[in-house]
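Here is how names work: the chains are called A, B, and so on, in the same order as the sequence lines, proteins then strands, and each is numbered from 1. In this text, all values refer to a predicted model and were calculated from it rather than measured experimentally.
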Amino acid sequence: MSAPTETDAFEVDDSSIRRMRFYGRIFLGACLLATMVGIVALIALVFDVVNEAWGWLTWEFLTHPPSYLAEHYDPANYGDLPTGPGGIYPALVGSIYLIAMTAVFTLILGVGAAIYLEEYAGDNLLTRFIEANISNLAGVPSIVYGLLGLALFVRAVGAGSSLLAGALTLTLLILPIVIVQTQEALRAVPDSMRRASYGTGATKWQTIRNVVLPEAIPGIMTGIILSLSRAIGETAPIIMVGAATSMFAPPNLTDPTGSFAAMPMQIFTWAKEPEGDFQHIAAAGIIVLLTVLLLMNAVAIYIRNKYDRRK
Amino acid sequence: MDTTTDSGSNAQADRPERLDRRLLIERLSSYWLIGAGLFAVALFALIVLTLVQQSIPIVSEHSLLEMLTSSNWDPASEEFGYLPAIVGTIYVTVLSMAMGTPIAILAAIYIAEYAEGRMKVIVSSFIDVLAAIPSVIFGLVGLIVVVPFVGDYLAPALGTHSIGLGIVTVSLVMAIIVTPFMISLTVESLEALPDELREASLGVGATKWETIRSVLLRAAGPGIFSAILLGFGRVFGATIVPAMLIGGQTAIPESPFDAGETLPSLIVNDFGELMSIPLTQSALIFVGLLLLVIVWLFNFGAMLVRRRLQRRWQY
């Protein structure tokens with residue numbers, strides 16, 4: 001290099017900087033590539049499911065009970081079936097009942113426990129021990145909750161393989177997450193509001209009911225709905241509790257100890273069938289399940305955004 | 001003020017009754033809340049006690065060491081060897097974490113450090129949606145897409161044979177499932193780092209890549225490590241995908257392309273008709289207890305690591 005003499009003082013060997021820049025670009029490329037793996041997987045997954053289900057997802061599929069024969073699900077055969085088309089109806093209704101009951105139990109147990117931990121229990125060693133346990137419970141595999149539900153609700157309590165046992169099992173499964181998220185929502189309510197309420201002579205319960213809960217309810221609802229949308233897709237616990245593999249009438253909400261069908265179980269059963277066409281049927285079932293799940297997520301996001309804007 | 005003196009006689013008659021009702025409601029509500037709180041505490045004990053109590057029959061019949069080291073699983077002849085399922089579980093966990101961890105860390109770095117504005121929102125919502133998809137769906141797509149891919153292309157390309165169902169298939173699908181979970185935890189621990197760290201490093205002339213490599217990854221190290229441990233726990237306890245894709249073979253797999261069984265898939269696959277065989281239920285519930293203990297060890301390790309990180313950065 002023959003650089004002019006006046007720039008000599010600034011003459012540096014920038015090859016190391018260039019090398020670092022080059023590594024940096026390679027690294028960014030690797031990061032982008034890794035991110036694309038997740039995105040491509042999601043797009044491929046949705047595309048594949050829609051592709052498989054195309055032509056099989058009909059109104060009749062939503063409103064008819066399942067069948068043992070793949071031909072019964074084929075829209076081309078609907079016309080000449082003595083038994084009527086096959087579908088997902090009992091499992092769809094079963095899943096909705098299951099989630100509705102789980103929601104009630106979760107409100108009573110999960111929100112109650114969170115209020116107790118946040119508003120009643122003091123900040124002592126015991127409370128911290130309890131909270132550590134709860135976050136530990138959140139990592140327990142769902143199959144373990146299934147075994148618990150089987151041993152406890154199905155056998156010991158004697159609820160049998162019922163809607164009630166299923167809902168209680170799912171409640172235990174999401175309870176730790178709901179408690180943690182409700183606690184966070186309660187913690188976000190400023191203490192000055194509680195003090196102002198006590199100052200007007202309100203009791204503890206009146207303060208919680210009229211001041212703390214209204215303020216925390218969007219956060220609590222978001223947490224519960226997101227947890228429920230996780231529960232509706234859980235398959236392993238439902239298998240252990242003994243959801244019916246083929247049920248021809250929807251479960252009866254007035255008889256919670258009767259047997260029940262649920263969408264994940266139905267999809268699992270269809271997917272296990274050796275006959276190729278059942279893959280299309282399972283895919284159609286998945287679209288129904290995903291639609292319900294995404295609707296629940298959308299409601300949760302709507303609630304969160306609506307109340308976030310207010311603040 | 002005026003109203004209280006005006007209706008003085010009336011209020012005096014009402015007050016005790018209203019106060020009583022208030023106190024009654026107060027007491028009832030506290031019963032409910034304390035009851036729910038106690039239940040949350042009891043749940044922990046309930047799970048452990050139930051699983052232990054239901055595992056007693058099998059543990060008292062067979063020696064623990066024998067069950068953990070025997071490769072003979074045949075409930076009909078009262079043989080309960082967990083070794084094939086244990087080997088299968090280790091295979092699946094190690095393989096899927098080996099594939100998932102680098103992808104998760106790189107993607108998390110992209111989201112936390114490189115992506116900006118709308119791109120960041122779009123990418124993170126894709127990852128969130130992927131995390132929300134139930135595993136039975138991954139199982140079906142695995143059957144349709146990954147099973148033929150492994151059986152017809154991957155195994156022949158590597159000079160082996162596979163029926164498509166097997167450990168590799170499960171690991172590929174589990175890697176995709178566990179990635180979004182680890183991404184969000186890693187993004188969290190990267191974003192929690194104070195900006196001064198980045199500014200100081202860039203200020204002394206480090207490039208962005210050097211900053212990430214030498215400063216941010218080291219500072220967030222414990223957080224990322226705890227994300228990996230939690231990921232291990234996730235894969236370890238995954239049930240439905242192995243049950244659908246592993247092929248259900250209770251023999252010790254010779255290669256990763258073989259069909260096998262994991263501990264959770266053993267529970268699902270042998271549940272049902274086999275439950276009528278004595279001791280089977282106890283043997284399967286013992287598997288649940290094993291899972292619980294191992295996953296708790298992972299979680300406990302993750303908690304310890306995370307606590308160290310929190311103390312260091314005070315967030």
*Give the ring-plane orientation class for Phe27(A) versus Tyr114(B), where under 30° counts as parallel, over 60° as perpendicular and anything between as tilted.*
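Rings of Phe27(A) and Tyr114(B): tilted, 30 to 60°.
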
Under 4.5 Å from a heavy atom of chain A, the part of [X] involved:
{"X": "Thr179(B)", "answer": "neither"}
{"X": "Leu51(B)", "answer": "side chain"}
{"X": "Ile285(B)", "answer": "both"}
{"X": "Leu140(B)", "answer": "side chain"}

What part of [X] gets closer than 4.5 Å to chain B, counting heavy atoms only: side chain, backbone, both or neither?
{"X": "Glu119(A)", "value": "neither"}
{"X": "Ile134(A)", "value": "side chain"}
{"X": "Ile239(A)", "value": "both"}
{"X": "Tyr120(A)", "value": "side chain"}
{"X": "Leu290(A)", "value": "side chain"}

*Give the member of Val129(B), Val287(B), Val136(B) that has the highest number of heavy-atom pairs under 4.5 Å with chain A.*
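When all of Val129(B), Val287(B), Val136(B) are compared, Val136(B) has the most.
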
*Do Trp32(B) side-chain atoms and Leu109(A) backbone N/O form a donor-acceptor pair below 3.5 Å?*
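Here the side-chain-to-backbone pair does not exist.
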
*Side-chain donor-acceptor pair under 3.5 Å between Arg155(A) and Gln54(B), yes or no?*
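Side chains of Arg155(A) and Gln54(B): no pair found under 3.5 Å.
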
